[in-house]
2 protein chains.
Amino acid sequence: MDTIDFKALSELMMNGRMTWAELGSCLGLSSPATAERVRRLEDQGVIKGFTALVDHEAVGCALTAFVAVSLERPEHRNRFLQKIMEMQEVQECHHVAGEDDYLLKVRCKGTRDLERVVSDTVKSIPGVARTRTTIVMSTPKETPSPPLFPEDIIDATRR
Amino acid sequence: MDTIDFKALSELMMNGRMTWAELGSCLGLSSPATAERVRRLEDQGVIKGFTALVDHEAVGCALTAFVAVSLERPEHRNRFLQKIMEMQEVQECHHVAGEDDYLLKVRCKGTRDLERVVSDTVKSIPGVARTRTTIVMSTPKETPSPPLFPEDIIDATRR
DNA sequence: CCATTTGACGTAATTTTTATGGAAAGCACG
DNA sequence: CGTGCTTTCCATAAAAATTACGTCAAATGG
């Protein structure tokens with residue numbers, strides 16, 4: 001991981017379908033060298049994949065909510081996670097420190113679906129003690145990729 | 001938006017760099033027709049863009065946290081949002097209903113950075129009354145794109 | 001009911017991009 | 001100073017994207 005890889009990530013985060021030639025000229029490399037670097041980043045798992053960013057409202061997913069979940073006992077974890085993985089509407093599942101055990105980001109069509117997801121599905125999972133749902137009214141900012149700190153990466157290289 | 005567009009979204013969510021020919025064969029279309037459809041989805045804003053999914057840990061962003069923010073008065077909103085937009089570490093900012101006003105998803109290198117972001121930066125924004133930070137220990141699930149409900153889309157077409 | 005228009009698609013030709021193989025430059029190591 | 005390894009570039013062949021153009025079907029309008 002050097003500065004060039006970094007710039008590559010940054011560019012590919014902004015436009016994941018740019019050609020290697022385009023990216024190469026940003027990087028000061030030829031297209032084969034660029035393709036090779038990106039392939040390596042994928043192999044290393046730095047790049048987990050490429051995806052289209054879909055507007056959730058445009059596909060009828062108008063409602064976003066955060067659902068905090070408390071589990072009765074740790075034994076229920078695996079079963080809980082397994083269920084969560086199967087649920088399309090759960091976009092994120094974080095194991096958190098603090099009052100609750102898990103924080104879910106749920107996206108669905110509307111309140112009716114939310115009711116189904118939270119009251120029926122989540123609460124029916126064995127071990128779920130309680131849930132606390134927070135409705136999202138608007139989302140002024142949402143970026144899928146982590147911030148990039150080039151300076152740190154240079155340091156990381158020096159390891 | 002018809003069933004084909006839907007399948008296209010679904011495929012492009014899984015692999016954002018697939019060729020139009022590949023996608024076309026999934027869709028039963030030729031590559032020009034495929035490219036045209038995808039271009040239209042972009043124009044309509046259904047596809048907001050294409051991006052590389054970067055592993056945050058691989059780039060030194062090891063810490064994820066949710067920060068709930070309460071604002072004193074609504075007048076502070078614009079200034080607050082403006083500041084939030086400038087902060088790389090804030091990956092998401094949701095305006096929420098309930099006890100708090102905003103819920104931020106923050107990603108940074110470690111606790112030291114979190115301290116800087118929350119205690120120094122966020123709390124120094126005028127109007128921020130209080131914050132409540134929840135540390136993420138692990139993230140079993142995280143998908144950037146919304147769930148797709150083909151059946152609803154077919155209905156939408158019938159409008 | 002038929003002619004015309006419009007939109008979407010496929011095929012083929014052209015251009016661009018990617019993949020591949022081979023050679024040279026840089027670098028660590030002995 | 002040479003050896004082996006890595007990374008790069010260049011050239012060429014293969015593949016993909018783009019463009020142009022003709023066809024078809026559904027919608028439009030007389």
Side-chain angles (χ1 to χ4, degrees), chain A residues 1-55 58-60 145 148 150-159, chain B residues 1-55 58-60 145 148 150-159:
Chain A
M1 285 287 289
D2 58 14
T3 322
I4 296 178
D5 287 322
F6 236 75
K7 184 94 166 81
L9 290 181
S10 159
E11 294 293 332
L12 286 174
M13 273 160 46
M14 293 191 295
N15 178 8
R17 277 193 77 98
M18 71 198 302
T19 64
W20 302 145
E22 270 180 287
L23 182 57
S25 71
C26 292
L27 265 44
L29 293 178
S30 66
S31 42
T34 304
E36 174 60 17
R37 269 178 184 268
V38 175
R39 195 190 55 75
R40 221 177 309 154
L41 286 170
E42 288 190 71
D43 290 347
Q44 292 172 324
V46 178
I47 294 176
K48 289 184 290 185
F50 294 88
T51 190
L53 296 173
V54 175
D55 186 283
V59 294
S145 289
L148 257 36
E151 63 282 8
D152 299 333
I153 297 300
I154 296 171
D155 288 328
T157 319
R158 285 175 191 156
R159 269 188 240 149
Chain B
M1 286 286 289
D2 59 13
T3 322
I4 297 178
D5 287 322
F6 237 75
K7 184 94 166 80
L9 290 181
S10 159
E11 294 292 331
L12 287 173
M13 273 161 47
M14 292 191 295
N15 179 7
R17 277 192 77 97
M18 71 199 302
T19 65
W20 301 144
E22 269 180 289
L23 182 56
S25 72
C26 292
L27 266 42
L29 292 179
S30 66
S31 46
T34 304
E36 172 61 16
R37 268 178 184 268
V38 174
R39 196 191 54 73
R40 218 177 312 157
L41 287 170
E42 287 189 72
D43 290 346
Q44 294 172 330
V46 178
I47 294 177
K48 290 184 289 185
F50 293 90
T51 190
L53 295 174
V54 175
D55 185 284
V59 294
S145 289
L148 256 35
E151 62 283 8
D152 299 333
I153 297 299
I154 294 171
D155 287 329
T157 319
R158 285 176 189 157
R159 271 188 238 147

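Within every chain, numbering begins at 1; the chains are lettered A, B, ... in the order of the sequence lines, protein sequences first and strands thereafter. What you are looking at is a predicted structure, and each value in this text was computed from that prediction instead of being measured.
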Protein-nucleotide distance (A:Arg17, atom CZ; D:dT18, atom C1'), rounded to Å:
13 Å
So what does B:Ser30 hit on the nucleic acid, given a heavy-atom distance under 4.0 Å: a base, only sugar-phosphate, or nothing?
base
Report the distance from atom CG of A:Leu27 to atom P of D:dC9, rounded to the nearest whole Å.
10 Å
Check against side-chain contact (heavy atoms from CB on, under 4.5 Å), B:Leu41 and B:Met1
CA-CA 8 Å; B:Leu41 287 170; B:Met1 286 286 289; 3.6 Å; yes
Where does the chain A footprint on DNA chain C start and end, counting 5' to 3' with a 4.0 Å heavy-atom cut-off?
C:dT17 to C:dT20
Mind calculating the distance between CZ (A:Arg37) and P (D:dT6) to the nearest angstrom?
15 Å
Mark up nucleotides 19-25 of chain D, 5' to 3', with B wherever a protein heavy atom is under 4.0 angstrom from a base atom, S wherever such an atom reaches only the sugar-phosphate, and - elsewhere.
B------
Restricting to side-chain contact (heavy atoms from CB on, under 4.5 Å), what partner residues turn up for B:Ser25, sequence neighbours left out?
none
At their closest point, which heavy atom of B:Gly16 faces which heavy atom of B:Phe50, and how far apart are they?
O-CD2, 3.6 Å
Bending between helix ends of the helix from C:dC1-D:dG30 to C:dG30-D:dC1 [5 pairs per end, 10° resolution]:
30°
Using atom CG of B:Leu23 as one end and atom C1' of D:dT18 as the other, report the distance to the nearest whole Å.
16 Å
Can you tell me how far P of D:dT7 sits from CG of A:Leu41, to the nearest Å?
12 Å
For B:Gly28, which contact category applies under a 4.0 Å heavy-atom criterion: base, sugar-phosphate, or nothing?
sugar-phosphate
Anything under 3.5 Å between a donor and an acceptor, one on a side chain of residues 26-33 of chain A, the other on a protein residue two or more places apart or in another chain? List them.
none

Would you indicate, yes or no, if D:dT6 has its OP1 or OP2 atom less than 4.0 angstrom from a side-chain nitrogen or oxygen of A:Arg40?
no
Shortest non-hydrogen contact between A:Ser145 and B:Thr51, atoms and distance:
OG-OG1, 4.1 Å
Send over the distance from A:Glu22 CD to D:dA17 P, rounded to a whole Å.
14 Å
Report all side-chain donor-acceptor pairs from residues 42-49 of chain A shorter than 3.5 Å, counting only partners two or more places apart or in another chain.
residue : atom : partner : partner atom : Å
A:Asp43 : OD2  : A:Arg39 : NH1          : 2.5

